[in-house]
Structure formats: structure tokens, C-alpha cells
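The block underneath contains the structure these notes are about, expressed in C-alpha cells.
Positions are given from 1, in the same order as the sequence printed here.
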Amino acid sequence: MRTARAAVAVAMLLGEDVARSEKFVAPAVLYAGVLAVLFGGSPGPLPEPWAASALLLYPVGAWLAHALAETEDDTARTVTLSAAGGPLPVAAGVLLAATAGVAVLGLAAVVWGVVAAWGTATTGGLLDGLLAHLACGITGAAVGSVFARPVFRSQGVALLCALTFLVVTGTSPWLPPAGTAAAWLGSGRGGLGPLGDLLLAVLVAVAALAFVVRVELGRFTAWRERLTAVWGRFRPGS
């Protein structure tokens with residue numbers, strides 16, 4: 001219970017930091033712009049138009065989680081780790097704050113789609129759309145939390161690896177949970193279904209949380225040092 005309260009407090013703290021620094025503006029504006037294009041004309045019957053907005057929430061969720069994980073400098077992060085009682089509440093706080101962000105954006109996409117394609121949404125389609133958006137967003141948040149501190153010390157390397165991972169996995173409609181969740185909205189078949197994809201996304205987030213915590217505790221120090229040494233051999237001037 002104490003860990004949960006600490007995680008919520010960390011989520012609020014990091015969320016306030018990102019809000020003050022306006023790091024959320026770029027992904028939010030990008031997402032709103034895509035929604036304007038998708039639903040600005042004749043989007044067609046729902047839930048098909050939601051396939052694109054749900055899939056886009058995958059990289060947007062990763063973007064938000066990365067911004068939250070990197071919003072503090074090393075000194076402030078050390079203070080936060082100490083005050084929260086360890087790395088678990090901090091890592092959980094990043095995921096909670098990112099999940100809250102993607103939930104707001106996903107709800108906006110669902111509501112916008114209903115208004116734009118009024119009369120074509122069924123109760124089942126509406127639920128599928130909401131669950132699929134959450135599945136894609138939570139999976140993205142999990143990815144963004146891994147491709148940030150403490151796993152990656154270099155933001156440039158983290159962003160390059162994250163972009164490669166997101167492109168490869170996001171363009172594979174057969175790959176759960178994000179790919180299959182978006183594909184379900186387009187075709188209505190395949191995968192685990194929106195609810196199954198959402199449950200799998202939660203499991204992916206839990207796995208990402210456990211991995212980040214173990215890295216913070218130094219369980220993979222030797223592994224990271226070996227990778228750093230290999231990377232150093234290929235850097236220009238090395």
C-alpha cells in the first residue's frame with residue numbers, strides 16, 4: 001500500500017515537471033493533428049477509423065513515458081529515489097503518469113470519432129475502440145520506460161533504439177498487443193481481441209517495470225558495461 005501511494009505521488013510529481021517544461025506539447029499536438037486529419041472529413045463507419053489513431057498512440061505513449069523518465073536531472077532523480085523508498089515506486093510512477101496521458105488522448109480519439117462519424121458507432125464497437133487505444137498506449141508507455149534511464153544513459157542511443165523498435169513492431173499487424181489491437185479495429189478479426197490485447201499490454205508493462213527496477217538495482221551492470229565497451233569500438237574516433 002505504501003509503495004502504491006509513493007508511486008502515485010511520483011506520478012504526480014513527474015507529471016507536474018513535464019507540464020511545467022511543456023514536454024508533453026509536441027506529442028499531444030502531433031496526435032491532435034492526426035486526429036484532425038482522420039476525422040476532419042468523412043472518416044467512414046466506426047470502428048475502422050480508430051485503427052490509425054490507436055496505432056499512433058503506440059509511439060506517442062512511448063514518447064510520453066520517455067519524457068517522464070528523463071524530466072529530472074541526476075541530482076533530482078537521486079532525491080526522488082530516496083524519498084520514494086527505492087526504484088519500484090519511481091518506475092511505477094513513470095508508467096502511471098504515461099498511462100494517464102495516453103488514456104486522456106485515447107478517450108479524445110474515441111469521442112472525436114463518435115462525433116465525426118455520428119450514428120455508425122455501436123456499443124461493442126465503442127468498447128473495442130477504447131480498449132484498443134488503451135492497449136496501444138500502455139504498450140507504448142512500457143516501451144518508452146525501457147528506452148530511457150536507468151537502462152540507457154545516452155538519450156541519443158535510447159531514442160535511436162526506441163525508434164527502430166517502434167517502427168519494426170508498430171508496422172507488424174500480426175504482433176500483439178499494439179499491432180493486433182489496431183488490426184482488429186480495421187478488420188474485426190485476428191489477434192486476441194481488444195480486451196485480450198489490453199490484458200497483454202498490462203503484462204508487458206509489468207515486465208518492463210520489473211526490468212527497469214532490476215537495472216536500477218544494478219542486476220545487469222556487467223551486461224551494460226560489456227555493451228558499452230562494444231558500442232565504444234564503433235564510435236567515430238575510437
Same hydrophobic cluster for Leu105 and Val110, using side-chain heavy-atom links shorter than 4.5 Å among ILVMFWY? yes
Kindly write out the residues that satisfy side chain to side chain contact (heavy atoms under 4.5 Å, CB included) with Thr3, not counting sequence neighbours, or none if the list is empty. Leu88, Pro89
Check whether any side-chain N or O of Trp50 sits under 3.5 Å from a backbone N or O of Ala109 as a donor-acceptor pair, and report yes or no. yes
Give the table of side-chain donor-acceptor pairs shorter than 3.5 Å for residues 118-125, with sequence neighbours excluded, one pair per line with atom names and distance.
unit_1 : atom_1 : unit_2 : atom_2 : d
Thr120 : OG1    : Leu46  : N      : 3.2
Thr120 : OG1    : Ala117 : O      : 2.7
Thr122 : OG1    : Gly125 : N      : 3.0

Under the side chain to side chain contact (heavy atoms under 4.5 Å, CB included) rule, collect the residues that match up with Ala98, sequence neighbours excluded. Ala65, Leu68, Ala141
With sequence neighbours left out, write down each residue that passes side chain to side chain contact (heavy atoms under 4.5 Å, CB included) with Ala158, or none if nothing qualifies. His66, Phe152
So if you build clusters from Ile, Leu, Val, Met, Phe, Trp, Tyr with side-chain heavy-atom gaps below 4.5 Å, do Leu195 and Leu134 land together? yes
Across all chains, not counting sequence neighbours, the salt bridge (charged side-chain N to carboxylate O under 4.0 Å, His left out) partners of Arg5 are none
Report all side-chain donor-acceptor pairs from residues 165-174 shorter than 3.5 Å, counting only partners two or more places apart or in another chain.
unit_1 : atom_1 : unit_2 : atom_2 : d
Thr169 : OG1    : Tyr58  : OH     : 2.6
Thr169 : OG1    : Phe165 : O      : 2.7
Thr171 : OG1    : Val167 : O      : 2.6
Thr171 : OG1    : Val168 : O      : 3.4
Ser172 : OG     : Val168 : O      : 2.8

Using the rule given for side-chain contact (heavy atoms from CB on, under 4.5 Å), can you reason through Glu72 versus Thr78, listing the C-alpha separation, both sets of side-chain angles and the distance that settles it, and then say yes or no? CA-CA 9 Å; Glu72 294 182 316; Thr78 300; over 6 Å; no
Thr180 vs Leu192, side-chain contact (heavy atoms from CB on, under 4.5 Å): CA-CA, chis, key distance, verdict: CA-CA 7 Å; Thr180 53; Leu192 303 173; 5.7 Å; no
Of the non-hydrogen atoms in Ala91 and Leu209, which two are nearest, and what is the gap between them? CB-CD1, 3.3 Å
Test side-chain contact (heavy atoms from CB on, under 4.5 Å) applied to Val212 and Val151, step by step: CA-CA 7 Å; Val212 171; Val151 181; 4.3 Å; yes
Are Val102 and Leu38 connected into the same hydrophobic cluster when the rule is that any two of I, L, V, M, F, W, Y join if their side-chain heavy atoms are below 4.5 Å apart? yes
Side-chain heavy atoms under 4.5 Å apart, restricted to Ile/Leu/Val/Met/Phe/Trp/Tyr: what other residues fall into the cluster of Leu96, or is it alone? Val8, Met12
Could you state whether Val29 and Tyr31 fall into the same hydrophobic cluster, counting links through intermediate Ile, Leu, Val, Met, Phe, Trp or Tyr residues with side-chain heavy atoms under 4.5 angstrom apart? yes
Pairing residues for Thr71 by the side chain to side chain donor-acceptor pair (under 3.5 Å) criterion, not counting sequence neighbours: none
What about Leu159 and Leu56, same hydrophobic cluster or not, with Ile/Leu/Val/Met/Phe/Trp/Tyr joined at side-chain heavy-atom distances under 4.5 Å? no
Measure across Val146 and Ala208 and return the closest heavy-atom pair with its distance rounded to 0.1 Å. CG2-CB, 3.6 Å
Please list all pairs passing the ring pair (Phe, Tyr, Trp, His ring centres under 6.0 Å) test where one or both residues lie in residues 69-98, with sequence neighbours left out. none
For Leu35 and Ala108, the nearest pair of non-hydrogen atoms, with its separation, is CD1-C, 4.5 Å
With a 4.5 Å limit on heavy-atom distance, are the side chains of Pro87 and Leu81 in contact? yes
Validation: residues 21-28 side-chain donor-acceptor distances under 3.5 Å, sequence neighbours left out:
unit_1 : atom_1 : unit_2 : atom_2 : d
Ser21  : OG     : Asp17  : O      : 3.0
Ser21  : OG     : Val18  : O      : 3.2

Note: Ala132 and Leu185 closest approach over all heavy atoms is CB-CD1, 3.6 Å
Nearest heavy-atom pair of Pro177 and Thr139: which atoms, and what distance? CG-OG1, 3.1 Å
Quick one: list whatever passes side chain to side chain contact (heavy atoms under 4.5 Å, CB included) with Glu16, sequence neighbours left out. Arg20
With sequence neighbours left out, what residues match Glu70 under salt bridge (charged side-chain N to carboxylate O under 4.0 Å, His left out)? Arg149
How close do Arg77 and Ala69 get, counting heavy atoms only, and between which atoms? NH1-O, 4.0 Å
Short question: side chain of Asp128, backbone of Pro194 - any donor-acceptor pair under 3.5 Å? no
